[in-house]
Structure formats: structure tokens, C-alpha cells
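Everything below concerns the one structure shown next.
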Amino acid sequence: MEKKKDFLRAIVEEDLASGKYEEVVTRFPPEPNGFPHIGHAKAITINFGIARDFGGRCHLRMDDTNPVTEEEKYAKAIEDAVRWLGYEWDGPVRHTSDYFERLYHYAVELIQMGKAYVDSLSEEEIREYRGTVTEPGRRSRYAERSVEENLDLFERMRKGEFKDGEHVLRAKIDMSSPNMQLRDPLLYRIRHARHMRTGDEWCIYPMYDFAHCLSDYIEGITHSFCTLEFENNRAIYDWILDTLRLGPPRPYQYEFARLNMNYTVMSKRKLKELVDSGKVSGWDDPRMPTIAGYRRRGYTPESIVNFCNAIGISKANSVVDVAQLEHAIRDDLNPKAPRVMCVLDPLKVVIENYEGSEELEASYYPHDVPKEGFRKLPFSREIYIEREDFSEHPPKGYYRLTPDQPVRLRHAYIIRCKEVIKDEEGRITEIRAEYYPDSKSGADTSGIKVRSAIQWVDAATGYRAEVRLYDRLFRVENPQGPEDLNPDSLRIVQGALVERAVIEEKPDERFQFERQGYFYPDPVDSSDEHPVFNRIVSLKDSWAKKSKKEEKSTKETAAKATQPKPEGAKKEERKESSGGEGRVAPLDEAQRRIFDRYRKKLGLKEEQANPLARDETLRTLFEAGLEHGAAPVTLANLILNEVARELKNFSLGELRYGPEALAELATMIDDERISVKIAKQVFEEMSKSGESPASIVEAKGWEQISDPKAIRPVIEEVLEKNPENVVKYREGNQKLFGFFVGQVLKATGGKANPRLVNELLIQALG
RNA sequence: UGGGGUAUCGCCAAGUGGUAAGGCAACUGGUUUUGGUCCAGUCAUUCGGGGGUUCGAGUCCCUCUACCCCAUCCA
């Protein structure tokens with residue numbers, strides 16, 4: 001685990017180091033209302049992976065609070081997926097429904113505190129009362145019910161005295177909160193529905209916002225990771241836990257970006273549409289981005305986990321290139337999968353000068369895969385090669401068999417084309433060839449140079465197979481609907497031929513069909529009588545790319561030269577379109593006067609005078625600082641840059657320093673007692689401890705070093721330690737100058753006068 | 001539109017004031033009995049735009065812009 005840490009791991013590490021928690025406990029909490037997809041795989045590797053990395057535990061919890069959408073079969077699929085990916089949850093599979101009774105009591109507690117009430121508004125009324133994102137909502141008239149009445153009503157809700165929708169339980173928070181989630185969120189609703197686990201025991205069910213935080217708490221979860229769309233819900237998460245005054249260890253919620261991938265869809269709804277409309281064969285159709293789909297296709301769990309680890313974790317909405325997934329599976333299979341031969345589109349080759357048959361010894365693994373194993377490969381007069389591997393009129397750069405170019409049959413002999421036989425339509429039906437007896441693989445004394453070796457299958461002993469070639473499900477990167485489906489996402493090849501060993505020996509589950517890709521027997525449809533292979537992923541094919549490009553470019557030039565786009569056009573476009581200045585509200589009369597005064601009397605720049613004139617808080621501080629004799633410009637910079645940052649999180653009254661401290665700091669800068677760099681450190685210290693700048697500087701010994709005699713030796717040392725960078729700098733790498741300054745400053749604890757360091761460094765570096 | 005987020009290479013993604021990591025993709029060249037793998041190399045004078053602070057800014061301040069999330073009795 002010596003990898004760079006993502007931000008979630010950084011949080012966990014810090015919480016463990018600070019002693020906030022003794023052990024990390026995470027959870028993977030899916031709602032069992034659909035089949036898990038690769039996005040779930042990301043959440044699984046995060047939750048289970050972090051627990052594993054830090055020696056903690058991870059729970060699997062079915063978030064089953066909505067009985068009408070959830071089913072056991074989905075829960076089962078989720079368990080399978082987690083196990084398949086190689087993780088084991090701590091303890092039993094948990095369910096939010098395990099906690100229904102406790103949750104109910106927490107709700108009662110909230111009612112008793114006057115923090116929750118039974119609302120009897122209709123669904124539409126509730127919506128109406130909620131307001132909009134710009135207008136505040138208003139509280140329901142039922143919010144004033146007494147604790148007793150609420151208790152009574154809530155109990156009767158539980159007893160089933162009311163119909164669906166008659167009442168709900170809501171938290172009493174704030175109907176005018178700018179955060180919509182906080183406008184008295186619903187805690188419980190009545191649902192007379194059969195729950196997949198609790199049956200008819202309950203007719204009221206807790207909402208996500210109420211159940212999730214408390215379930216986390218009940219289980220002792222420390223870090224509750226979820227996706228970005230729950231950012232706004234974090235406030236309720238904290239409100240409930242805080243209001244109930246639940247003691248440590250208390251969980252906290254952190255959000256990361258969900259996984260998106262191009263050329264596919266990830267939403268449950270859209271996936272379901274594909275299944276229901278029959279566009280795919282089911283949730284486990286090998287083209288689906290579901291775990292079941294990838295699994296059936298032949299992806300290994302390792303490749304999925306590796307993929308999830310490779311894409312990283314962040315808060316930026318992003319779309320991962322499916323090429324990254326394809327790389328993960330190739331990378332995983334390359335050193336594992338035995339190589340065998342398969343011909344998808346067979347073209348008969350008769351080797352006229354070969355009689356009888358023999359069995360060649362052929363390794364399953366290429367020279368660069370450190371695995372052992374081989375099979376006997378039958379060879380005889382009649383074989384099949386890939387139709388693509390012969391060309392009567394080859395394009396430039398074609399390495400395979402042509403009338404003039406011999407080719408090696410992999411693991412066997414070199415052959416030469418003698419004659420091309422065609423049917424009446426001109427289609428090639430057969431190649432008559434001859435082989436070179438002294439060119440046998442491993443004992444080649446023929447001296448013939450060939451450009452490539454191609455796969456083949458012996459006619460007499462090969463097996464027929466069905467091969468399913470999958471391509472991306474959608475033709476466009478960001479598909480919107482069925483109209484974007486790729487019509488060629490599945491190509492079924494019925495008449496493929498595979499070599500004997502694939503069927504009779506089965507050296508492994510997954511194969512590389514040489515020069516084609518990685519393949520996996522379809523777990524549903526394949527049998528020895530009717531073998532069916534799924535192409536997991538093709539091999540990279542630089543020839544296909546090259547020939548396609550050439551074809552395209554000749555087409556383009558033939559279609560007359562199109563205007564080439566000027567270099568860097570794209571970048572410039574972007575710059576122009578987004579560079580426009582937005583309007584800022586002009587200063588009013590009074591602000592204008594202050595602005596003018598600051599400009600003329602105090603000599604402030606426009607950039608300083610403007611925000612000070614505008615912002616009363618900053619201005620008050622500034623004016624007060626002036627009274628203490630600070631130079632206006634330095635003070636203004638201090639306030640505008642440093643204080644402004646703190647004012648984003650605190651009010652003026654909360655600051656631990658006043659205008660006189662700021663003035664003192666400004667004066668120290670102007671007197672060159674400390675550098676600006678150190679001043680920022682002093683400021684930080686000051687805002688933490690409330691000490692005066694002078695005492696901080698004295699205590700820390702932060703006085704500026706402005707004596708060249710003290711600095712020169714440091715410079716020499718730095719240059720001595722970095723001879724290669726000195727060379728690079730002298731060769732013209734100007735950027736390195738900053739590096740040297742940094743090193744010198746670091747060596748002096750930041751105390752050296754940077755301006756002086758710059759001067760001396762220029763001299764020293766000549 | 002109020003609030004909450006996010007912007008670093010074609011795609012992911014590190015980076016917490018001092019030389020813009022890494023992976024994928026792409027492109028050279030080498031090795032190769034897979035046009036695979038592997039190896040060597042190329043690929044951000046610049047971090048959404050503009051200003052400011054600083055000796056020095058992707059990182060601090062101001063401002064603008066774009067995109068995502070929130071008005072389910074879904075999660």
C-alpha cells in the first residue's frame with residue numbers, strides 16, 4: 001500500500017492517527033432494487049478496500065427501507081457480486097430492516113424532544129409548502145401539535161390505523177433553509193406493503209435520511225462513504241445524530257464521484273429499459289455494464305478491481321474511457337491465459353506436398369509468459385486459415401500470405417501459395433499451397449524469412465464453435481436512448497473452428513485465441529457438443545488501425561483536400577469563448593466617495609480600494625488598523641488576502657486578533673523585520689493563539705536574515721548538493737531558479753530575505 | 001434563480017507557496033514464430049477566464065464563466 005493516497009484514505013489515515021477512532025469501520029449499503037453494475041464495483045472497492053488497507057472492517061448492509069421496490073433476488077445478486085470481487089463482509093449480511101424497532105424508538109425520542117411531528121398534509125400540499133429553490137417554504141399547520149398528540153398519532157400510524165399517505169412523520173428543522181433537504185424532511189411514511197424480509201410486521205417505513213445515519217451509528221460505522229448526490233443530505237445526517245446526542249464513535253459522511261463510463265449507460269432505469277425492451281438478453285447480457293454481464297462475458301474479478309483502483313477517487317464528475325477497462329482485462333489476462341488457435345472465418349488450404357499427419361508440440365504460453373504447459377497440435381494436409389490472412393492483391397505493408405509472400409503457420413511450417421481457387425462468382429474457396437519440410441517450428445533450417453506467423457486449425461481434428469464478438473453497446477460516447485444503440489454490438493460467428501485442445505484439454509477457463517483476443521466459454525450456452533465462446537476483449541491491433549487510417553486518408557485526398565484546421569485552433573476557441581468579463585455591480589454614491597478617498601489620500605490601488613469600499617466588515621477593520629499607525633497599502637493587502645480568507649468561515653467577532661495586531665504585523669513587514677512569507681506564518685499563528693505578532697516572532701526566532709554573509713554559505717551548500725540542476729540551469733532551464741530559491745529558503749527556515757537570496761543566487765549561478 | 005459541489009493533457013488523476021507525478025489513449029523506434037506482450041523514447045513554458053498578493057502562484061485573495069446535485073411520501 002505504498003501508493004499515493006486518495007482523499008478518502010487521507011481522511012481515514014488522519015482520523016486514525018489523531019485517535020478519533022481506534023478502528024475504521026465502513027459499509028457498503030446498496031438498496032436491493034436492481035442488479036449491481038460497475039459503479040457498484042467502485043463503491044465496493046472503496047469501502048472494502050479502505051477497510052482492508054487500514055486493518056478495519058466493512059459491513060454489507062441492504063438498505064431495504066422501501067418495500068415496494070426491493071426483492072431478495074437483488075440482494076442475492078449483490079452478495080454474489082461482492083464475493084466474486086473477492087471481498088468478505090464482517091459479520092452477517094445486515095439490513096436496515098434489522099433496526100426498524102430501534103429506529104422507531106429514535107423517532108419517538110425525537111418527538112419527545114419536540115423535534116419531530118406528525119404532519120397530515122396531503123402529498124401535493126407538502127410539495128407546495130416546501131417552496132422552491134429560490135423561495136422559502138412555510139410550515140404545516142400540523143407542526144404545532146403537542147408532543148402527546150404526536151406520540152399518539154405516531155403510535156397509531158404504526159398500528160395501521162391509517163391509510164397510505166394520511167400522515168407522515170417529519171423532522172422539525174427549518175422550512176426556509178436554503179438547503180432544500182432541511183425543509184422539515186420526512187422521516188416516516190405509511191406503506192401498507194409486504195416487505196421482503198419483515199413481511200407485514202410494519203406498515204410505516206423510515207426514509208433514507210432517517211434510517212441511514214442511524215443504521216451507520218448502530219453498526220459503529222466510522223466513515224460513511226457515499227456518492228456526490230448526497231452532499232446536500234449530509235446536513236440531515238448530522239442533524240439527526242447531533243439532535244439525538246449520540247455519543248462517540250459517531251460516523252461522518254464523505255462523498256465521492258460516482259463512476260461514469262463512455263459508450264454505455266449506468267443508471268438503473270436505463271439499464272432496466274434495455275432489459276425490458278429486449279435490446280439485450282438480460283441483466284447478464286455480456287454487453288451490459290453489470291457485474292453479472294462482465295462476469296458472463298469473461299472479465300476477471302481482478303481486472304475489475306484493478307480498474308477501480310486505477311481510475312482513482314475524486315469529487316470531479318468525470319467520464320472514464322472504456323479503453324481503461326479494456327486495458328485492465330488485457331493486462332490481467334496477458335500473463336495468465338493460455339494461447340490457442342481459432343479461425344473465425346475459415347479458408348481452406350491444401351498443402352499439396354504434405355502427406356499423412358503428425359502431432360506438433362506447441363507451448364500454451366509465449367516466451368515472455370513464465371508459465372509452462374503445452375499441447376499436441378495435429379497437423380495434416382488440409383488446414384484452415386483466417387480468410388483475412390490471405391490477400392491476392394495485398395495493400396502496402398501487408399505481412400500475411402499472398403501469392404508472392406510466404407507465411408509461417410504458427411507452431412508449424414512455412415507455406416507458400418501456389419494457386420488460388422475461386423467459385424464462379426470470383427470468391428476464393430481454397431488455396432493450394434506447398435510447405436517447406438525443413439522449416440518446422442523450432443528446427444527451422446530453411447533460411448526463409450517470413451514477415452508473420454498466422455493461426456490455423458487442422459481440418460480433420462478441429463472443432464466447430466460459435467463465437468460471439470462483442471463490441472460497445474452504444475455507438476456514441478454519451479448515449480441518450482435506444483436510438484444510440486450500436487447495431488453491431490453483437491456479431492455471432494457460427495462456423496468458427498477451434499483446435500482440439502480447447503475442447504478436449506481445457507487448460508484453463510479463459511483463452512487467448514492468438515492474434516484475435518481473449519475468449520471465455522459462455523457459462524449459460526456453451527457445452528462440449530455446442531461450444532460457444534464470448535470474446536472478452538480483442539487484442540490491440542495496430543495493423544487494423546494503420547490500414548484503417550490509410551484507407552481514410554486516401555479517401556480524403558481523393559475527395560479533394562479539405563481545409564486543414566489551423567494548429568491550436570481548438571485552444572484559442574476555448575479561450576475566446578470563456579474569456580468574457582462578467583458585469584460587476586457599480587459602486588454606489590457613498591462607496592464611490594470612500595473609493596476616491598482611499599485612492600487619493602492613502603495611495604491605494606484600484607484593486608485594493610474597490611473591495612474595501614464595497615465590503616463594510618473589511619473596511620471597519622482597515623480603518624481601525626490605520627489608527628494604529630499601519631501603512632495603508634501593506635495593511636490593505638493583509639486584510640484583503642489573509643483576513644478575507646478567515647472571514648469566509650468566521651465572523652469578525654470570532655477572530656482572535658484585532659486591528660492593532662494587524663497593524664503591528666504590517667509595520668513589521670514594512671520595517672523588514674520579517675519577510676512577507678514569514679508574515680503569513682505569523683498570521684496563521686496569531687489567528688490560532690491570539691498572541692501578538694511581536695511575541696510570536698520572538699518566540700519562534702523568525703526575524704529576517706538580511707546579512708549576505710549569513711546567506712552565501714547556504715547558497716553554496718545548496719548548489720553543491722544539486723550539481724545536476726546547476727548544469728541544467730546554466731544550460732538554460734530558467735525554471736530551476738525557483739527551485740534554488742526554495743532550497744535556500746528551506747535551509748534557513750524561511751527566514752532569509754528572499755529578495756537578497758535572489759540577488760546572491762544570480763551572482764552565484766553566474 | 002437560493003443553496004451545495006466541481007474545473008490540472010484527448011480520458012482518468014497526483015499535487016496543501018519553491019523543477020507540473022503516474023495510468024489510459026496516441027505517436028516513434030527496438031525485440032518478437034501473436035501486427036499481442038515487453039523495452040526505449042515522444043506527448044501540459046502551463047492548471048476554466050481575468051485581475052490581485054508574493055522574490056516566486058495550479059496552490060492564497062477578488063471576480064467572472066461553465067458543468068453537476070437539491071423543490072419523490074425514492075435511495
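Source: prediction; values computed, not measured. Naming convention: chains lettered A, B, ... in sequence-line order (proteins, then strands); numbering from 1 in each chain.
Contact annotation: A/Lys677 does not reach the phosphate of B/U53 (side-chain N/O to OP1 or OP2, under 4.0 Å). Close to B/C27, at under 4.0 Å from its OP1 or OP2, lies a side-chain N or O of A/Lys545. Considering only side-chain N and O atoms, A/Arg130 lies under 4.0 angstrom from the phosphate OP1 or OP2 of B/C73. Remark: A/Lys648 is in phosphate contact with B/C62, judged by side-chain N or O atoms under 4.0 Å from OP1 or OP2. For the pair A/Arg183 and B/A71, the criterion of a side-chain N or O lying under 4.0 Å from OP1 or OP2 is not met.
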**Request:** Would you give a per-nucleotide map of nucleotides 35-41 of chain B, 5' to 3', where B means the base has a protein non-hydrogen atom under 4.0 Å away, S means only the sugar-phosphate does, and - means neither?
**Result:** BBB----
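Backbone-only engagement by A/Ile313 is indicated by non-hydrogen atom pairs under 4.0 Å involving sugar-phosphate atoms exclusively. In this structure, A/Gly442 reaches the bases: a heavy-atom distance under 4.0 Å links it to at least one base atom across the strands shown. Within 4.0 Å (heavy atoms only), A/Asn232 reaches at least one base atom of the nucleic acid. Across all strands shown, A/Ser314 has heavy atoms under 4.0 Å from sugar-phosphate atoms exclusively, and none from any base. Counting any heavy atom pair closer than 4.0 Å across all strands shown, A/Arg645 reaches sugar-phosphate atoms only and no base atom.
Taking atom C1' in both B/C9 and B/A21, one finds a spacing of 13 Å when rounded to whole Å. Using atom C1' as the reference point in both B/U19 and B/U31, the two lie 34 Å apart (nearest Å). Of the C1' atoms belonging to B/U72 and B/A25, the separation is 41 Å, rounded to the nearest Å. Separating the C1' atom of B/C43 from that of B/U8 is a span of 16 Å, rounded to the nearest Å. Nucleotides B/U54 and B/G18, compared at atom C1', are 12 Å apart to the nearest Å. Straight-line distance between the P atoms of B/U1 and B/U37: roughly 49 Å, to the nearest whole Å. Separation of the P atoms belonging to B/G3 and B/C62 is 15 Å when rounded to the nearest angstrom. Nucleotides B/A66 and B/C38 are separated by 44 Å at their P atoms, to the nearest Å.
Base orientation of B/U8: anti, since the glycosidic angle falls outside 90° of 0.
The side chain to side chain donor-acceptor pair (under 3.5 Å) check on A/Arg61 picks up A/Asp216, A/Glu219, with sequence neighbours excluded. Taking the salt bridge (charged side-chain N to carboxylate O under 4.0 Å, His left out) definition, one finds that A/Asp389 meets it with A/Arg400, A/Arg515, sequence neighbours left out.
Atom NZ of A/Lys746 is separated from atom C1' of B/G56 by 16 Å (rounded to the nearest Å). B/C70 atom P lies 11 Å from atom CE of A/Met180, rounded to whole Å. Between the P atom of B/A13 and the CD atom of A/Gln324 lies a distance of 10 Å, rounded to the nearest Å.
Checking B/C68, B/U53, B/C74 against every side-chain atom of A/Lys605, the shortest atom distance belongs to B/U53. Relative to the side chain of A/Arg189, the nucleotides B/C61, B/G52, B/C73 differ in distance, and B/C73 lies closest. In the set B/U34, B/A57, B/U54, the nucleotide with an atom closest to the side chain of A/Asn637 is B/U54. The A/Glu231 side chain lies nearest to B/G5 when the options are B/A75, B/G5, B/C11. Counting only heavy atoms from C-beta on, A/Val133 has its side chain closest to B/G2 among B/G2, B/G51, B/C60. With B/U34, B/A71, B/U33 as the candidates, the nucleotide lying closest to the side chain of A/Glu514 is B/U34. Between B/A75, B/U33, B/C24, one nucleotide has an atom nearer to the side chain of A/Tyr208 than all others, and that is B/A75.
At a cut-off of 3.5 angstrom, counting only N and O atoms as typed in the model, there is no donor on one side facing an acceptor on the other between the side-chain of A/Asn179 and the base of B/G2. Side-chain to base pairing of A/Asp321 with B/C11: no donor and acceptor N or O lie closer than 3.5 Å to each other. Between the base of B/G2 and the side chain of A/Glu135 there is no donor-acceptor pair shorter than 3.5 Å.
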Just the atom pairs and distances: protein N or O near nucleotides 20-22 of chain B's N or O, under 3.5 Å.
unit_1, atom_1, unit_2, atom_2, d
B/A20, OP1, A/Lys735, NZ, 3.4

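Considering only heavy atoms from C-beta on, A/Ile711 comes within 4.5 Å of A/Val757 through its side chain. Looking at heavy atoms from C-beta onward, A/Pro67 lies in side-chain contact with A/Tyr205 at the 4.5 angstrom threshold.
Taken residue by residue, residues 62-69 of chain A places heavy atoms nearer than 4.0 Å to RNA chain B at A/Asp63, A/Thr65, A/Asn66.
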**Prompt:** Tell me, what's RNA chain B's dot-bracket, Watson-Crick or G-U with both distances under 3.5 Å, | for other-strand, [ ] crossing?
**Reply:** .(((((((.[[[..)..(...]]].(((((.......))))).....[[[[[..)....]]]]])))))).....
